[in-house]
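Notes for the one structure printed next.
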Protein chains: 2
Amino acid sequence: MITEPIDVLKALSDFGRLRVLKSLERKSLCVCEITELIGLATSTVSSHLNVLKNAGLIVDEKQGKWINYKMLPSPAPFFHEIWPIISKHLDDNPVIQQDLSKVASVDRKKICSNA
Amino acid sequence: MITEPIDVLKALSDFGRLRVLKSLERKSLCVCEITELIGLATSTVSSHLNVLKNAGLIVDEKQGKWINYKMLPSPAPFFHEIWPIISKHLDDNPVIQQDLSKVASVDRKKICSNA
DNA sequence: CAAACATTTCGATAATTTTAGAAATGTAAT
DNA sequence: ATTACATTTCTAAAATTATCGAAATGTTTG
């Protein structure tokens, strides 16, 4: 499945998905952690993750009950070249800054399950 | 009017608009030339041009009966950094290649008005 | 001024996308 | 195996976007 630049750009054209990517840049996260971080319904987050996955930007790996999502170590050239620039400029955004200040302390043990 | 990265990315998330930008990179064009090149209705092209203009990617300048659109000489940093990469990768696309092979010979005297 | 014509705006429709709740799936632990 | 729970899939609704034709705008030229 070849990913055209336009497909990557479409995947990057939603602010929620940019927030997810910026957070995943810091560390791998499961769906419920991302849901907590972004504040959207679980099914919506799952849908966004699927878009990012289909565009070849992230991968998932099962870890017991959870599914961890993380950025691709070696993404296709287009995304590999373009992402650092986008990432850098997103750092100016207050919402992103808030996300990043929270992401380090997000803990699935606390936020998922026994709420 | 400050343009956030997400606004630029949204403007870049439509293939028709990417075709317009690639063509404008070669030379300034009026709406009817772009319409001929891209094959969409004039009003649709005008709408796309407006999106690109609002995102700060292109400017227009009146030239008599026509309005020439062209890329900004000094766009905001985000687009300035990101566009060369996108542009380079779009060169692989057959539709873009076809557009670029036509753009040099597009002539408003022939395609507009006296059709 | 009137006719010609490039472009924009308006109005309406089709298509796509985002969203969320409910049901389904799959894994883990008791 | 039954319960608990993370995630996905399904379904439907709301929101946004792309598209076009017709009317409106503004400029040029006869």
Side-chain angles (χ1 to χ4, degrees), chain A residues 4 6-21 24 28-55 58-70 95 106-115, chain B residues 4 6-21 24 28-55 58-70 95 106-115:
Chain A
E4 295 288 324
I6 182 62
D7 300 314
V8 174
L9 290 171
K10 275 184 196 293
L12 295 173
S13 71
D14 179 272
F15 188 58
R17 288 196 289 268
L18 293 179
R19 293 174 69 188
V20 171
L21 284 176
L24 289 180
S28 298
L29 296 165
C30 69
V31 178
C32 69
E33 287 172 323
I34 298 170
T35 300
E36 169 75 11
L37 215 48
I38 308 297
L40 292 172
T42 314
S43 59
T44 304
V45 169
S46 181
S47 163
H48 282 313
L49 288 168
N50 196 45
V51 171
L52 294 172
K53 197 170 111 179
N54 287 336
I58 63 174
V59 287
D60 56 357
E61 51 185 9
K62 288 210 170 70
Q63 185 205 338
K65 191 159 49 173
W66 292 282
I67 300 180
N68 286 333
Y69 281 89
K70 59 176 188 179
V95 178
V106 163
D107 183 4
R108 71 190 57 174
K109 298 283 173 52
K110 288 178 185 162
I111 56 177
C112 310
S113 67
N114 45 331
Chain B
E4 295 288 323
I6 182 60
D7 299 316
V8 174
L9 290 171
K10 275 184 196 292
L12 295 173
S13 70
D14 179 273
F15 189 57
R17 287 196 288 268
L18 294 178
R19 293 174 67 188
V20 171
L21 284 176
L24 289 181
S28 298
L29 296 165
C30 68
V31 177
C32 69
E33 288 172 323
I34 297 170
T35 300
E36 169 74 12
L37 215 48
I38 308 296
L40 292 172
T42 313
S43 57
T44 304
V45 169
S46 181
S47 164
H48 281 314
L49 288 167
N50 195 44
V51 171
L52 294 172
K53 198 170 108 178
N54 286 336
I58 63 175
V59 286
D60 56 357
E61 51 185 9
K62 286 206 171 71
Q63 185 204 339
K65 190 160 47 175
W66 292 283
I67 300 181
N68 286 333
Y69 281 90
K70 60 176 189 180
V95 177
V106 163
D107 183 4
R108 72 189 58 176
K109 297 284 175 54
K110 289 178 185 162
I111 56 176
C112 308
S113 67
N114 46 331

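The figures that follow rest on heavy atoms only: side chains count, while hydrogens, waters and symmetry mates do not. Each chain gets a letter, A, B and so on, in the order the sequences are listed, and its residues count up from 1.
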Nearest-0.5 Å distance, CG of residue B:Leu29 to CG of residue B:Leu49: 9.5 Å
Write down the distance between CD1 (A:Ile67) and C1' (D:dT9), rounded to a whole number of angstrom. 13 Å
Nucleic acid contacts - residues 9-18 of chain A versus DNA chain C, non-hydrogen atoms under 4.0 Å: A:Asp14, A:Arg17
With salt bridge (charged side-chain N to carboxylate O under 4.0 Å, His left out) as the rule and sequence neighbours excluded, what pairs involving residues 37-50 of chain B come up? none
Starting at CG of A:Leu49 and ending at P of C:dT17, how long is that distance when rounded to a whole Å? 17 Å
Using heavy-atom distances to pick each residue's nearest nucleotide on DNA chain C, tell me which of A:Val45 and B:Asn68 is more 5'. B:Asn68
Distance-only check: which donor-acceptor pairs under 3.5 Å involve side-chain atoms of residues 10-19 of chain B, not counting sequence neighbours?
unit_1	atom_1	unit_2	atom_2	d
B:Lys10	NZ	A:Ser13	O	3.2
B:Ser13	OG	B:Lys10	O	2.7
B:Asp14	OD1	B:Gly16	N	2.9
B:Asp14	OD1	B:Arg17	N	3.1
B:Arg17	NE	B:Ala11	O	2.8
B:Arg17	NH1	B:His48	ND1	3.1
B:Arg17	NH2	B:Lys10	O	3.3
B:Arg19	NE	B:Asp99	OD2	2.7
B:Arg19	NH2	B:Asp99	OD1	3.0

The nucleotide from C:dT7, D:dT19, D:dT8 with an atom nearest the side chain of B:Ser47 is D:dT19
Separation of atom CZ in B:Arg108 from atom P in C:dT7, rounded to whole Å: 7 Å
To the nearest Å, how far apart are B:Lys53 NZ and C:dT7 P? 13 Å
If I take atom CD from residue A:Glu61 and atom OG from residue A:Ser28, how far apart are they, to the nearest 0.5 angstrom? 6.0 Å
For nucleotides 21-30 of chain D, give me one character per nucleotide, 5' to 3': B if any protein heavy atom sits under 4.0 Å from the base, S if the only such contacts are to the sugar-phosphate, - if neither. BB----SS--
What's the closest nucleotide to the side chain of B:His48 if the choices are C:dA6, D:dA18, D:dT9? D:dA18
Quick one: B:Trp66 CH2 to C:dT8 P, roughly how many Å, whole number? 15 Å
Mind checking what makes side-chain contact (heavy atoms from CB on, under 4.5 Å) contact with A:Asp60, not counting sequence neighbours? A:Lys53, A:Ile67, A:Tyr69
Taken to the nearest 0.5 Å, the spacing of A:Glu33 CD from A:Lys109 NZ works out to 10.0 Å
Give the minimum heavy-atom separation between A:Ile111 and A:Cys32, together with the two atoms involved. CD1-O, 3.9 Å
Taken to the nearest whole Å, CG/B:Asn54 to C1'/C:dT8 is 13 Å
Output the rounded distance in Å from CD1 (A:Ile34) to P (C:dT19). 14 Å
N or O in side chain of A:Tyr69 less than 4.0 angstrom from D:dA6 OP1/OP2: no
Nucleotide D:dA15, atom P - distance to CG of A:Leu40 in whole Å: 15 Å
Taking distance alone, no hydrogens or angles, what donor-acceptor pairs closer than 3.5 Å link side-chain atoms of residues 35-46 of chain A to residues at least two apart or in another chain?
unit_1	atom_1	unit_2	atom_2	d
A:Thr35	OG1	A:Val31	O	2.7

